[in-house]
Amino acid sequence: MEWGKLTLAGAAGTRGDDGWTPVADPATGETVGHVRMCSAEDAGKAVAAAHTAFAGWAGEAPQARGAVLRRLAGLISEHTEDLATLLTAEQGKPLAESRAEVASAAGYFDFFAEEARRVNGEVVASPRADSRILVTHKPVGVVAAITPWNFPVSMVARKLGPALAAGCTVVLKPAPQTPLSALALAALCRMAGLPDGVLQVLTGDAATIGAVLTQDPRVAFLSFTGSTATGRLLYGQCAATIKKLGLELGGHAPFIVLPDADLDKAAALAVAAKFRNAGQTCVCPNRFFVHDAVYDDFLRRFLQQVDRLVPGDGRDPASTLAPLIDEAALAKVERHVADAVAKGAKLTRGGSRAAAGRTWYEATILENVGEDMLVSCEETFGPVAALSHFTDVEEVKASVNASQYGLAGYVFGRDISLVLKTAESLDLGMVGINAIHLGLEMAPIGGVKQSGLGREGGHAGILDYCEQQYLLVGL
Ligand code: NAP
């Protein structure tokens, strides 16, 4: 598939001259493409075009919008290999993970194609015989979507799916490390029949584009996925125009192993959750809390699984451990490991840059991790598993709930009463119970506390892109 022939605002191309910026392959450092550095003026034009297109798209029958999204889901599935190859080239994750991400994106569009026709209103019982109360949902308007680099296809799909289904138009700013996947999705949107102006993609400087998107009163909703620090900044920038906000921010997931857990399953899923995309996922476990009674048995199984990981180029089918996205990500991981070791953690595995090259870091295991270490309070966003053991689950709950983050966590155990009580007591938006794959399109994804506002996915996901209108009808 030739993705280079795009004519969107943030078009991909092959030039390296002024006004264009290269996109690098994190595995090799080679340039995989160039994208335009859109100006503030480009951003303003994109908002204007989305604003103009809104009435037409919102006025389409929900079935018609759903049909476009269903065609889009089909095109994404049809072009899985092209999209996955592009995703791996600019993001670095193993092809198998890229294919799974593309499938997840198709799933979001397919789900919201259905939801488009289920935005139902309500007739509320009126206190008076001579009046009726109707409540309807209307699309909120122009949506600004800003996305991160770690899931460059599915994070875009999670926003576009519900926004387009609801009848909104979208101006999308993807992450600079991974803009090509977003542009490829936009090309497929055109092929699916999305009308002109309904989706605009802006590549370029975040602060320049972000200033326009957060300050322009024609943008009704900012839907952001990224770090808590950037989310906080954008929250402030949106105050002047009182935008609706959806914030999917950072996390610090605990992985709790209770004494009666199925240890084979817990260890296998712990490794899968921790090392997917080299630990660069918002829901990946940052800390492991393992009960004293099973600590050694769990660790043995965990190490066996970790030793099977193969760092390598994502295009090699044997590779299971991705590179980190860039040098800054690597430096953060090194800082976390050095800090933990300096404060008394035991380095059981790894702890160095991996021989695979460039930005790979070894699968690393730290034991005896204490509350005062950086790994215990900040997102590491790398292949580092920080383990500690516990006797009383109350200590674990206190530690987890003291965090500023509240995105996701995992509880493994067989005593359903203890497992459920533990999961319910955690201040987290999502908990996997003997399970790890939380990112399902029919479920509400999102966090509490400084992990964000609102939910993406599920029926509530589309309502976030709507405003209620209350109609009092006198008879
Ligand atoms: P990030 O640095 O916050 O960047 C996210 C996006 O925001 C990028 O497109 C970035 O562009 C843009 N941005 C930064 N400053 C901006 C500004 N002033 N105005 C407008 N846009 C701005 O996050 P990241 O490193 O890409 O992604 C990793 C983070 O995302 C982690 O914290 C992870 O937990 C979180 N995440 C959360 C979820 C979730 O569902 N809760 C899912 C995935 C990732 P530039 O890079 O050009 O600055």
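We count ligands from 1, going down the list as the structure has it; atoms in each ligand are counted the same way.
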Any Lys/Arg nitrogen of Arg358 or Glu30 sitting under 4.0 Å from an Asp/Glu carboxylate oxygen of the other? no
Hey, are Glu371 and Arg287 close enough for a salt bridge, meaning a charged N less than 4.0 Å from a carboxylate O? yes
Taking the six-membered ring for Trp, is the centroid-to-centroid distance between Phe255 and Tyr410 below 6.0 Å? yes
Near ligand 1, which protein residues have a heavy atom under 4.0 Å away?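 Lining ligand 1 at under 4.0 Å, by heavy atoms, one finds Ile146, Thr147, Pro148, Trp149, Asn150, Met155, Arg158, Lys173, Pro174, Ala175, Pro176, Ala206, Gly210, Phe224, Thr225, Gly226, Ser227, Thr230, Leu233, Leu234, Glu248, Leu249, Gly250, Gly251, Cys282, Glu379, Phe381, Leu407.
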Side chains of His336 and Glu378 only: does a donor on one sit below 3.5 Å from an acceptor on the other?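 Per modelled atom types, His336 and Glu378 side chains form a pair under 3.5 Å.
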Pair listing, salt bridge (charged side-chain N to carboxylate O under 4.0 Å, His left out) test, anchored in residues 150-165, at least two apart: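 For residues 150-165, and leaving out neighbouring residues, the salt bridge (charged side-chain N to carboxylate O under 4.0 Å, His left out) pairs sorted by first residue read Arg158-Glu456, Lys159-Glu456.
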Side-chain heavy atoms of Lys274 within contact of Gln305, under 4.5 Å: no
